[in-house]
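Residue numbers start at 1 and run along the sequence shown.
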Amino acid sequence: MTDVFGLSHKDTSPAKDATPIQPVKHEQVVFCSDERSGLYAIIAIYSTALGPGLGGTRFYPYESEQAALADVLNLSRAMAYKNSLAGLDLGGAKAVIIGDPATTKNEALLRAYGRFVQSLGGRYYTACDVGTYAEDMDIVARESAYVVGRTPEHGGAGDSSILTSFGVFQGMRAASEHMYGTSSLRGRRVGVEGLGKVGHRLVDHLIEDGAEVVVCDVSEQAVERVRLRHPSVEVVADTAALTAADIDVYAPCALGGSVDDAAVPRLKAKIVCGAANNQLAHPDVEKQLAERGILYAPDYLVNSGGVIQVADEIEGFDMARARARAARIFDTTLKIFEMADVEGVPPGAAADRLAERRMSEVGRLRGIWLRR
């Protein structure tokens with residue numbers, strides 16, 4: 001599943017022990033506790049070089065406080081890179097609430113959390129993530145002005161998969177331009193793994209562009225929904241069959257880690273570009289892809305349409321404006337491929353460098369004093 005932020009290879013699944021903590025410097029880490037409501041949360045702000053930190057609130061039954069801390073530190077760092085590449089004037093932050101949302105989530109807890117978000121004075125904007133929903137953000141917003149990802153009834157952006165899928169399609173068009181010399185997917189065979197909110201919308205874009213589409217999903221209902229809408233779609237049994245299929249583009253849009261040591265040798269696709277978080281099982285996989293002449297579009301770049309969509313709420317949501325911003329994913333992806341070729345590094349490394357460069361160059365302007 002892809003969450004609203006579609007986090008990158010820097011993201012991790014919810015940590016199970018203390019080892020994933022990375023030796024990076026965060027600007028601020030806040031522990032939030034309200035005994036009466038049962039709230040225990042951690043808010044991590046990695047960087048505000050580009051603006052207030054933006055990142056969702058993950059509600060998860062972590063095994064320990066240390067595991068929760070590991071997760072929030074990694075996730076907040078990932079958001080800084082994602083927001084930078086998306087061209088947003090927003091830094092990177094994240095929050096986790098420790099507990100089982102099915103049994104411990106309640107109005108008092110969410111409102112207590114909102115008061116802690118408010119106490120940061122706008123340094124952190126929150127939104128929904130794993131275990132939280134737009135309706136939860138409406139409750140948090142009753143105590144804080146710094147909440148996005150709300151329901152349309154409350155001025156929110158609604159279903160973020162709309163621009164997530166659109167952004168992935170733009171990244172795929174850029175990959176096609178770089179690999180084949182044309183941004184059109186017409187006549188190309190694209191394999192889409194996962195037909196959830198993002199995956200089934202991506203199929204719509206591909207069919208409209210003239211691509212031939214091959215799909216798989218563990219849910220027969222999800223497959224049938226797509227086949228009813230697009231009878232021409234071909235269905236294969238599972239991920240192993242899809243990665244081995246005669247396709248030009250492989251689009252992982254389900255769980256992370258599907259591009260692993262076993263998948264790379266059987267891949268016939270020349271492009272990997274999808275919405276899933278952490279598509280590469282480990283960092284060396286990108287090198288293996290490059291050695292086989294397979295172009296990888298960094299996931300935390302191409303799936304950033306969701307964060308672009310919810311971030312637009314800060315200005316007062318306008319879908320046309322947000323869509324125009326998400327369309328720029330095409331240009332950024334193309335730029336990263338060109339950087340990778342010139343600098344002799346994988347696209348993931350080039351994406352990291354571009355994100356870091358923007359944070360550094362724009363962030364330094366904060367040193368120019370302005371009267372307030």
Test: Arg150 and Glu135 ion pair at under 4.0 Å = no

Discussion item. Whether the side chain of Ser160 engages the backbone of Gly306 through a donor-acceptor N/O pair (distance < 3.5 Å, no angle test) should be reported.
Written reply: no

When Asp331, Leu85, Val302 are each screened for side chain to side chain contact (heavy atoms under 4.5 Å, CB included) with Ile336, the one that passes is Leu85

- Task: For the pair Arg58 and Asp71, find out whether any cationic side-chain nitrogen is under 4.0 Å from an anionic carboxylate oxygen.
- Result: yes

(message) Donor-acceptor check, side chain of Glu313 to backbone of Gly156, threshold 3.5 angstrom: yes or no?
(response) no

Determine the interplanar angle of the Tyr146 and Tyr125 rings, folded into 0 to 90°, and report it as parallel if under 30°, tilted if 30 to 60°, perpendicular if over 60°.
-> perpendicular

### Task
Ignoring hydrogens and angles, state whether a donor on the side chain of Asn74 or Lys94 is under 3.5 Å from an acceptor on the partner side chain.
no

Task: Test item: side-chain donor near acceptor, Arg173 and Gln170, under 3.5 Å - done: yes

Going by distance alone, is a donor N or O of one side chain under 3.5 Å from an acceptor N or O of the other, for Glu143 and Tyr113? no

Margin query: Between Tyr296 and Asp299 (side chain of the first, backbone of the second, donor and acceptor by atom type, cut-off under 3.5 Å), is there such a pair?
Written below: yes

Kindly say whether Leu185 contributes a backbone atom to a donor-acceptor pair with the side chain of Ser176 at under 3.5 angstrom? no

Checklist entry - Do side-chain atoms of Ser144 reach the backbone of Ala141 as a donor and acceptor pair under 3.5 angstrom? => result no

Discussion item. Given 3.5 Å as the limit, does a donor-acceptor pair link the side chain of Thr48 with the main chain of Gly51, or not?
Written reply: no

When you measure from the side chain of Thr332 to the backbone of Ile329, do you find a donor-acceptor pair of N or O atoms at a distance under 3.5 Å? no

- [ ] Answer yes or no: is there a donor N or O on one side and an acceptor on the other, between the side chain of Ser304 and the main chain of Leu301, under 3.5 Å?
- [x] yes

**Request:** Please check if any side-chain donor atom of Glu65 sits under 3.5 Å from a side-chain acceptor atom of Tyr40, or the reverse.
**Result:** yes

Polar side chain donor-acceptor pair, Asp261 to His282, under 3.5 angstrom: yes

(Q) Between Arg188 and Glu212 (side chain of the first, backbone of the second, donor and acceptor by atom type, cut-off under 3.5 Å), is there such a pair? (A) no

Q. Do His200 and Asp217 get their side chains close enough for a donor-acceptor pair, meaning under 3.5 Å?
A. no

> Do Thr151 and Asp138 get their side chains close enough for a donor-acceptor pair, meaning under 3.5 Å?
Replying inline: yes

Closest heavy-atom pair, Ala41 versus Ile97, reported as atoms and distance to 0.1 Å, is CB-CG1, 3.9 Å

Fill in: Aromatic plane relationship, Tyr81 with Tyr300 - under 30° parallel, 30 to 60° tilted, over 60° perpendicular
perpendicular

| field | Thr333/His178 under side-chain contact (heavy atoms from CB on, under 4.5 Å): CA gap, chis, key distance, verdict | value | CA-CA 10 Å; Thr333 305; His178 188 78; over 6 Å; no

- Query: Run the salt bridge (Lys or Arg N to Asp or Glu O under 4.0 Å) check on Lys268 and Asp248 step by step: do they pass?
  - Reply: CA-CA 7 Å; Lys268 296 180 181 178; Asp248 300 298; over 6 Å; no

| query | Just by distance, with hydrogens left out, do Thr132 and Asp129 show a side-chain donor and acceptor under 3.5 Å apart? | reply | no

Exercise. I would like to know whether Asp136 and Lys105 meet salt bridge (Lys or Arg N to Asp or Glu O under 4.0 Å); could you show each step before the answer?
Key: CA-CA 9 Å; Asp136 297 325; Lys105 188 194 297 182; 2.7 Å; yes

**Report entry** Polar side chain donor-acceptor pair, Ser258 to Tyr250, under 3.5 angstrom
**Finding:** yes

